[in-house]
Every structure is written in C-alpha cells, then in structure tokens.
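Data block below; observations after.
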Amino acid sequence: MAEEHHRKTTLDGGSWLAARSTEVKFTGTQLTTTHPPTSSTSPWIQAVVPGTVLATLVKNKVVPDPFYGLQNEAIIDIADSGREFYTFWFFTTFHCNLSTNQYCDLNFRGINYSADVYLNGHKTVLPKGMFRRHSIDVTDILHPDGNNLLAVLVHPPDHPGTIPPEGGQGGDHEIGKDVTTQYVEGWDWMTPIRDRNTGIWDEVSISVTGPVKIIDPHLVSSFFDNYERAYLHTTTELENRSSWTAECSLTVQVTMELEDSICLV
Amino acid sequence: EHLQTRNLSIPAKSRVQYTFPELFFYKPNLWWPNGMGKQSLYNVVISIDVKEFGESDSWSHLFGFRKIESHIDDATGGRLFKVNGEPVFIRGGNWILSDGLLRLSKKRYNTDIKFHADMNFNMIRCWGGGLAERPEFYHYCDYYGILVWQEFWITGDVDGRGVPISNPKGPLDHDLFLFCARDTVKLLRNHPSLALWVGGNEQTPPDDINAALKIDLRLHPDFESVDENTKSMG
C-alpha cells in the first residue's frame, strides 16, 4: 500500500463491539477494567470499524438499509432523536507487549466528530474535527500482561441540523458550523444521512517504535534540463521520547519498482 | 546514489525536523497521467537506527517524479493543467464518496478508480461537501494515473450562497478548520496524483481561512525548478 509505517498494526475487522451510550450502565473506566462487555450481552452488538454508527446498525439489521426504496424514511433522524441517540460506545481488545526502550502509540486516522478514549481505565479526550488524525502515546498505560481493553465513546457533530420538509441542498445548513462533511444533511442527489456519518470512520492502529519515531515525512521533486536532471528533497520530523540524547543514523533509500515486488536498487 | 545515510543526535524528549541533502536522479522515469505515459512509481524508504538499540522506526511511500502546474488560461478563462511541461486535456469526473455509511475499502477504491481510468478519464474532482479522500483512494489514483482535484470542506449552498443564506463566515471554529486542513495536507501531500488543493465548491472560504491556506500551500522556494523550456509558473 501507498504509505506504510512498518510497525503499524490496524485494529479492524470483527473484534469491535458497539452499544448505544444511553443503554450502557457502566463508565468508560469500568468498561476497560472491571466490566468489559462481551458480544453476547445486550446492548452490545458486532461493530463496523472503520465505519459509522449507522453502518453498524444496518449490519446488525437494527435498522433497514437506507439505500433501498424509501427505507431511509424508516430510520429516525438525529434531529428528532437527539444527539445522544447516535452517541455510541465502541469497544475492542488488543495485545501488545513492549520490550525495553520501546514506545506504543494508539492512532485514529478519522473520528467524526469527537470522542472520549478509555484504555485500561485511563481517559483521553479526542478533540473535535472530522478531518484530523489523533495519536496517543499509550506506552505507560498498557497492561503488563499485554492484554488491553479499549473503549471509545464517539459523539456526533455539534450541529447536526434539521432537515426541512422540502429537503434542499444541505438541509438547514447547520452542519456547516462544524468541520465535517456537509452532504449528510441531504442534497438534490442524496437523502439525509440519519447519524450524520458519526463514528470511527477511518483506520485505527497501534504502532510500536524504539526511542525515536518518524513523523510525516515530506517528499518533493524538482527538475532541470528538461526533466533530465531531477532531485528528491526529503524532510521529516523526528521525535526522541527517551530521557537521553539519541545518537542516530537516518537513511533514505529509493528503489524503482520494476514490476510487482521486483525492485531495482 | 539513491541511498543516503546521515548521523544526527536528537536531544532527550524533543522533536526535530531534518532535511536530507537532495538525492540526484539522472533521467528518472516520470509519472504521467492516464493516457500520457507510464505511472512510474519509486519506493522511498526512510529508516532510523538508534545507537545501542537498533532500528527504531521506518516508513515507506510510493513516489512519482512529476511536475504539475496549473493556471487560469487567458484565452479560455479555464484552468490549464500541465504535467511535466506537457499541457493536459482534462477529462474528469465528480466524486462525492464511495459509500454513504463510509464503508470505505481498498477493493472498492480499486474498482471505482480503475473504472474511471478505463473510461479514459485523467482527473477526479473530490467535491467540498464530501470527504478529504483517504490515502487508499490516492494510492489507486497514483497507480492508474488519475489526477486529483481535492476541495476543502466549504460549499456554496451551506457557506453563504444557499437559500436561506447561512454561515457567511463558514464554520464557527476557523482554527479548527485550519488545523484539519494542515493535518490533511500532511496526510496526502506525497501522492503524485494530488494535483490541486481547492478552497471549496462554488465558494471562496472566509478571507482569513483563504489567506492562511494560500500561504500554507505555496511551493517552498527551495523546490522551485526553473527549466529553460518551461518557465516555472509558480
């Protein structure tokens, strides 16, 4: 795939559970310490992550598929249900053992619209904004036995808006007050999305590195002599999380991919 | 010549920015849009070793050598695109998103974007009311040679030109908008298919946001390349 941190493990697939926040009697701290849910106990259901609250409800047939016929009309809109109706818990477990001088980050590539993250009883608030990444250094809160409990309470956009009876482009436009996708209030080509795409909508991963990690490299090419002469400019941020000066050697290597997996060095 | 190692010391609990001396390539295989040539991709790997620890982190990205320029053409009033100095007749499609419940998958992206390439398209415009598309979307655009016009999250209807007039000053939190825009640029900026960042759909973002985006997205003077055949268009 295009870009890879080579120590990244994505947390996706069938291991996630979800439940409506108003139906869960435990706190995030209890869910990730004394009362972790299991898939067979109501109100917990199998979750779609990455995905949205509505994707999870459709998958579990709690609501009809909104894209068939007029079924979208059968799903209550967030304007009528209130935000808490589409405020959901997502829960999973993951295994991670660190050796000396290793560090672990929990990464969310997209949350719509904000979230409270609980890992083994520790809470972190993820700030608002659909189009931003979040990375939490969880090195010190991983379980010594390697088995970790993660619960994420995802909140919808602050201004989900109300769909006027006549519909229209972007409904009542309230959604524009937030930094989130705007089509969700409906457009001339699209019915409103009832949960406004609330959810863990992009990749969740953990990454394990040594004392120094590579952050957001930037690659730029410049050309001269009619593209015969080219330069690759490479800049990166580096973070040393240890308590001592790190003596490093930093390498960049460029190989031409001739055909799949055959490289010319 | 395509391998370079540099030694550096990084103080405890600190974050630094490092730029390698540029790597020279003679007649690199260029990346071209669909229908104009091959989409040659190089694999760039950055790794860092720490003394008495070993390899601490590594990162890789497929990279295409290409130069994309565009400007408003006086004769037509339209935006004229050039790739590697060659003018491109743009054949593009509108894109909202793969799925209204955000069930985004590599398989779906591959299918959808290959479909656009098979239709002989060479650009996809990501509409401002949809998403900042994902790295997987851009990977397949890199692979199939589909240039991407990526709009930020402003639309005329919702931001000041709709009926009724609403949000004339865009979203409530301009700092949040700019934070999201900067983080999105960092997420996507290494993809050769990324051709143009656009403030919004049928609407200019509020002045402060627009001014900040223009400053953030300027090409750094270090990367200007003036070629006797194609004056750099800035």
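Here the structure is a predicted model, which is why all the values come from computation and not from measurement. Letters A, B, ... are given to chains in the order of the sequence lines, protein chains preceding strands, and every chain is numbered from 1.
- If you tally non-hydrogen atom pairs under 4.5 Å between each of I193(A), D202(A), L54(A) and chain B, the highest count goes to D202(A).
- Closest approach of L176(B) to K128(A), counting heavy atoms only: CD1-O, 3.2 Å.
- When heavy atoms are compared at a cutoff of 4.5 Å, S40(B) approaches chain A by way of both its backbone and its side chain.
- Comparing G210(A), A55(A), C248(A) by heavy-atom pairs within less than 4.5 Å of chain B, the highest count is held by C248(A).
- Residue contact with chain A, scored on non-hydrogen atoms closer than 4.5 Å, involves the side chain of R103(B) exclusively.
- Residues S249(A) and T5(B) approach most closely at CB-CG2, 3.9 Å, considering heavy atoms.
- For a residue to count as touching a neighbouring chain, one of its non-hydrogen atoms must lie under 4.5 Å from one of that chain's; by this rule E185(A) does not touch chain B.
- Within residues 161-171 of chain A, the residues having any heavy atom less than 4.5 Å from a heavy atom of chain B are, in residue-number order, Q169(A), G170(A).
- Contact record, T180(A) with W153(B): O-CB, 4.3 Å, taken as the closest heavy-atom pair.
- Interface remark: of the candidates I96(B), V16(B), N29(B), V16(B) forms the most heavy-atom pairs closer than 4.5 Å to chain A.
- Salt bridge absent: D183(B) and R132(A) never bring a charged side-chain N and a carboxylate O closer than 4.0 Å.
- For L219(A), the parts lying near chain B are the backbone and the side chain together; criterion is any non-hydrogen pair under 4.5 Å.
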Check the pair L250(A) / F20(B) against side-chain contact (heavy atoms from CB on, under 4.5 Å), numbers first and verdict last. CA-CA 9 Å; L250(A) 183 64; F20(B) 282 93; 3.4 Å; yes

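- Distance alone, capped at 3.5 Å, is enough to place a donor-acceptor pair between the K13(B) side chain and the R241(A) backbone.
- Contact annotation: the side chain of L232(A) never approaches that of Y42(B) to less than 4.5 Å [non-hydrogen atoms, C-beta and beyond].
- Of the two parts of T191(A), neither the backbone nor the side chain holds a non-hydrogen atom closer than 4.5 Å to a non-hydrogen atom of chain B.
- Per-residue heavy-atom pair counts under 4.5 Å with chain B were compared for K177(A), E203(A), H233(A), R229(A), and the maximum is reached by K177(A).
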Show, in sequence, the C-alpha distance, side-chain angles and deciding distance for S56(B) and K213(A), and conclude whether the side-chain contact (heavy atoms from CB on, under 4.5 Å) test is met. CA-CA 7 Å; S56(B) 182; K213(A) 77 171 176 178; over 6 Å; no

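- In this structure, chain B has no heavy atom under 4.5 Å from any part of Y103(A).
- Comparing R109(A), M130(A), Q102(A) by how many heavy-atom pairs each has under 4.5 Å with chain B, the most go to R109(A).
- A distance-only check finds no donor-acceptor pair linking the side chain of Y183(A) to the backbone of W127(B) [under 3.5 Å].
- Looking at V53(A), neither its backbone nor its side chain comes within 4.5 Å of chain B, counting heavy atoms on both sides.
- Looking at F179(B), the atoms closer than 4.5 Å to chain A (heavy atoms on both sides) all sit in the side chain, from C-beta outward.
- Heavy-atom minimum distance, P28(B) versus E228(A): CD-O, 4.0 Å.
- Among the candidates S9(B), P11(B), S47(B), the residue making the largest number of heavy-atom pairs closer than 4.5 Å to chain A is S47(B).
- Side-chain contact of D159(B) with Q182(A): a donor-acceptor pair under 3.5 Å is present, judged by distance alone.
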Quick one, F131(A) with F152(B), criterion side-chain contact (heavy atoms from CB on, under 4.5 Å). Give me CA distance, side-chain angles, the key distance, then yes/no. CA-CA 10 Å; F131(A) 301 108; F152(B) 289 111; over 6 Å; no

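- Proximity to chain B involves both the backbone and the side chain of N101(A), based on heavy atoms less than 4.5 angstrom apart.
- For a residue to count as touching a neighbouring chain, one of its non-hydrogen atoms must lie under 4.5 Å from one of that chain's; by this rule F63(B) touches chain A with the side chain only.
- When all heavy atoms of A246(A) and V50(B) are compared, the closest pair comes out as CB-CG1, 4.2 Å.
- Only the backbone of I154(B) has a heavy atom closer than 4.5 Å to any heavy atom of chain A.
- Summarising the geometry of A12(B) relative to S243(A), their closest heavy-atom pair is CB-C, 3.3 Å, with the distance given to 0.1 Å.
- Heavy-atom neighbours of I165(B) CD1 from other residues, nucleotides or ligands within 6.0 Å: above the threshold of 12.
- Using modelled atom types, one finds a donor on one side chain and an acceptor on the other under 3.5 Å when comparing S58(B) with R7(A).
- In terms of non-hydrogen atom pairs under 4.5 Å with chain A, the most contact-rich of A132(B), P21(B), S14(B) is S14(B).
- Annotation: maximal heavy-atom pairing with chain A below 4.5 Å, among G64(B), G162(B), G128(B), G100(B), occurs at G100(B).
- Among T234(A), T52(A), T209(A), the residue with the largest count of heavy-atom pairs under 4.5 Å with chain B is T234(A).
- The parts of Y18(B) that come within reach of chain A are both its backbone and its side chain, each placing non-hydrogen atoms under 4.5 angstrom from that chain.
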May I have the step-by-step check of side-chain contact (heavy atoms from CB on, under 4.5 Å) for W187(A) and D157(B), ending in yes or no? CA-CA 10 Å; W187(A) 227 265; D157(B) 292 283; 3.5 Å; yes

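- Neither the backbone nor the side chain of R182(B) comes within contact range of chain A; no heavy atoms are under 4.5 Å apart.
- No side-chain donor-acceptor contact under 3.5 Å links N197(A) to the backbone of L102(B).
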